[in-house]
Amino acid sequence: MTLGNVLEWLIKGLVWVLILLGGFAYLTYYERRALARIQVRIGPNRAGPFGLLQPIADAIKLVFKEEFIPARADKLLFILAPIITLTPALVITAVVPFGNEPFLLFGRTITWQIADINVGVLYIMSIASIAVYGIVLAGWSSNNKYAMLGGLRSTAQMISYELALGLSFVTVILLAGSTRMIDIVEAQRQGWFLLLQPVGMAIFLIATLAEVNRAPFDMPEAEQELAAGYHSEYGGMKFALLFMAEYDKMIAICTIAAALFFGGYLGPDLSGLPVVGGFLKYVQGPIYMFLKVFILLFGMIWVRATLPRIRYDRLMAFGWKILLPLSLALIFVTACGILLAQDVDPLFRWSIPLASLVAGFLAILGMYQTLRRKEHARA
Amino acid sequence: MDFTLILFIILAVTAVATAAGLLLSRSAVYAALFLVLNFACVAVFYLILGAPFVAMAQVTVYAGAIMVLFLFVIMLLGVEKLPKGDVLPWQRPLAIVAAAILLAEAGFLLFERARTSSLLALPGAEANTMDSLREMATVLFNQYLLPFEVTSILLLVAMVGAIVLTKREKGEPA
Amino acid sequence: MIPLTYYLVLSAILFTMGALGVLIRRNALIIFMSVELMLNAANLAFVAFARSFELTTGQPVFTGQLFVFFVIAVAAAEVAVGLALIVAIFRTKHSIDVDQMSSLKG
Amino acid sequence: MRVLEPLIGLGKGLWVTLRSMFEKPVTVQYPEHKKPVKPRFRGRHVLKRYENGLEKCIGCALCAAACPADAIFVESSENTDEKRFSPGDRYASTYEINMLRCIYCGFCEEACPTEAIILGDNYELSFTDRRQAIYPKEMLIEPVLANGQPTPQKTEPGKFTRSVPEMKDPVD
């Protein structure tokens, strides 16, 4: 461990954090514009050309808002909670690789990854599991019953969906035979894990929606029932931090989803192009990553625009009774498929998606039998 | 003083301080948060000792699941603070004496019996390879398969037990 | 380079503090947390010993780490049951003060 | 496949929202483009003038009496042929409407004997101060028409003795 190493980590981390912060600002703009289009509106278009300065205007507004701490709130935790919420959102993507072509800079070989550790997926798991603290503490320290209910709801929800999330990670680990993120992406050269484990991807996306409290699982901050839940007492920059955490988590999980299921930085090789090929060789990985994250983010916004919030007891029942057994079944069929492919014939690898789709079908059957809204008899 | 020793001292002081915070804090919420910090320190110790898998399991299970569950129960029951009132006034001094005896005993055994010569270096690149994880998995699923299965059954039993203990009978008031 | 003894001393101190917490606190939840602290202290000693053996024998020894893994799993099970018990006791007694739990029949 | 119904329903819902992305937005870019109001829209009041520039309002304060919100205040003074504001004897020397009280019911319109007060089509009534909410006569009265003269006018004696004009019955 040399000074150079430390400097490299610091600079890479700083650059990525800055990208995340800028990304947060423009993700709010992206979401508002996309939601507006879905609702046949235009969206923010006043501040600057196409409303591109809108996030900056919002930031300025938030900075000048009054900072407010409720009476009998726990002051220390009230101030700490937004920071505790934001930190995991910023650090969780440290292990995601953004490209595989290292480049030379100041005599050092720089890789497109902040930390290349062998337990990369487990790192993501563990950071995802501590992300709940900020929300719980924000809810508790506000000394407000709605905030508290939001915090408790989010604890229960995040613990429940973490299991399905972790198990869907396991299918990826099995398919790639590694917990190192770069190995997982490289293992997708033959085919994205989206094709090999479609239902696993679906579970991952659903569970992450619940993890980051996005619609239709935005129970902890349900505006209508809980008056915005855990952040109802927050204003000004503290609210901005909570908001930032939520959107940075969206970016983070889309980045992780892109790396785990959508081939990460892989894509058609452009380095053969005449003029820009030499340059593209290095940056095509990040560009593909950006495109995938952009599309996945649109998916999240699209789901938010479409689906209404589901009821709390159904959310829990769905997590424990459907997603958890389904993801266990997926691990089983994935392991069986890998074993068959190893010992009998490599073509058995394609039995995994088939079996996983069958398992998904059975899960829908189970959902149809137990969770379906009962038809009321009408006179 | 080399770098690792400084790191060790900082972490050790933090670990002891957070444990003291657990002992002394009035509010159960603060106690839980101090314990989370303590677990985080221990996780960093595991990393220094070349056990990244255990470190991640520590953060995921202890900090991510167990302590969140503690916080959940504290908030659910609303028992951040207990009312004052000591039933056993002699308990505290007696406990401190007992703890001092325990510490002295542990120290005596450590300095009398432990091999104090071995020096633990920071792990090299070998701890950060997939091979080390694979070997660990091989040991786990061959040599320790029975304990692993027993543990899984234990977890299942615990899950069933937790549900049975907290489930209300039909008609029982809340 | 840190001597193994340092880790063991730290582990002993943390264990003692956990034991002290069990003895002097009356909040059942904090007592429970102190038990977790003691488990952690033991785990730390396990991993330190594992590292020590690894360095003396020159090849990786995973027994210590795996033991910690099992301890973590058992702790998870223990917490699930323990917290369920505490919730059940709170329902009948409306307190989790251990001094109040003096009768066998709830 | 009744079992797959939830999935098909989900897909249908997503398709609806995706399709609506490609519809033409209904947003009106307000300050630049204003939609014309409906003929019966009741906006801010306007005090009308005759073609020669004389004010229609004769200061009778029937509007103030009719106002259910008590938003109108009228003070009248005597017209002379030297300084004539409106036909007849009197004119409104002060005419104020408190826009915070006005409920745009249109009773003032109905009460007015000379059709002097009309609820116009102006709905841009923002102000930054409560005192600005009281609109004086200068703001309410419409500008002088092209062939008229501003008030007060010097007029021939005996020409404008009738304060209420002769009106036909409204035809609908």
Side-chain angles (χ1 to χ4, degrees), chain A residues 1-3 6 74 76-77 80-81 84 88 95 115-137 139-141 143 145 147-160 162-163 165-166 169 173 176-180 182-184 320 324, chain B residues 2-4 7 25-30 32-33 36-37 39-40 43 46-47 50-78 80-81 122-137 152 155 159 163:
Chain A
M1 197 158 58
T2 60
L3 187 67
V6 174
D74 193 309
L76 178 65
L77 287 183
L80 269 179
I84 298 176
V95 292
D116 181 21
I117 57 174
N118 60 348
V119 287
V121 179
L122 297 176
Y123 170 83
I124 292 175
M125 255 315 280
S126 58
I127 300 295
S129 69
I130 58 171
V132 65
Y133 278 106
I135 292 174
V136 177
L137 292 176
W140 178 76
S141 63
N143 190 30
K145 70 178 100 165
M148 172 88 176
L149 279 175
L152 285 183
R153 276 188 180 186
S154 95
T155 327
Q157 174 180 330
M158 287 170 93
I159 291 183
S160 308
E162 222 163 67
L163 299 169
L165 184 68
F169 279 145
I173 295 173
S178 172
T179 52
R180 184 189 285 270
I182 202 149
D183 292 349
I184 289 174
W320 285 103
L324 185 61
Chain B
D2 63 343
F3 170 73
T4 43
L7 188 66
S25 62
R26 283 273 191 73
S27 160
V29 171
Y30 276 88
L33 293 178
V36 172
L37 280 181
F39 288 164
Y46 292 164
L47 285 179
F53 176 76
V54 176
M56 290 306 153
Q58 163 97 359
V59 175
T60 312
V61 179
Y62 266 120
I66 293 182
M67 290 320 292
V68 173
L69 217 55
F70 265 107
L71 272 182
F72 186 79
V73 170
I74 294 169
M75 293 177 186
L76 191 71
L77 303 182
E80 293 90 352
K81 280 174 189 144
L122 278 186
E126 84 285 346
N128 195 16
T129 56
M130 279 313 296
D131 291 340
S132 69
L133 267 188
R134 279 206 191 90
E135 276 176 51
M136 184 165 158
S152 64
L155 278 171
M159 196 162 82
I163 292 170

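This structure is a prediction, so every number in the text was calculated from the model and none was measured.
Of all heavy-atom pairs spanning T60(B) and S129(A), the tightest one is CA-OG, 3.6 Å.
Interface remark: A131(A) contributes no atoms to any contact with chain B (heavy atom separation under 4.5 Å). Heavy-atom distances place both the backbone and the side chain of V136(A) under 4.5 Å from chain B. For V29(B), the part lying under 4.5 angstrom from a heavy atom of chain A is the side chain only. With a 4.5 angstrom heavy-atom cutoff, M148(A) touches chain B only via side-chain atoms. In this structure, chain B has a heavy atom under 4.5 Å from the side chain of Y133(A), while its backbone stays farther away. Only the side chain of I159(A) comes within contact range of chain B, judged by heavy atoms closer than 4.5 Å.
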Worksheet item: Would L77(A) and L33(B) satisfy side-chain contact (heavy atoms from CB on, under 4.5 Å), going step by step from the backbone distance to the final call?
Response: CA-CA 10 Å; L77(A) 287 183; L33(B) 293 178; 3.6 Å; yes

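Taking V132(A), L76(A), I127(A), L122(A) one by one and counting their heavy-atom pairs under 4.5 Å with chain B, the maximum is reached by L122(A). Counting heavy-atom pairs closer than 4.5 Å to chain A, the top-ranked of the candidates Q58(B), M67(B), M75(B) is M75(B).
Qualifying ring-ring contact (aromatic ring centres under 6.0 Å, His included) partners for F169(A), counting only residues two or more places apart in sequence or in other chains: F204(A). Residues forming a ring-ring contact (aromatic ring centres under 6.0 Å, His included) with F53(B) (at least two apart in sequence, or on another chain): F69(C).
How far CG of L133(B) is from CZ of R180(A): 9.0 Å, rounded to the nearest 0.5 Å. Atom CE of M56(B) is separated from atom CD1 of I117(A) by 4.5 Å, given to the nearest 0.5 angstrom.
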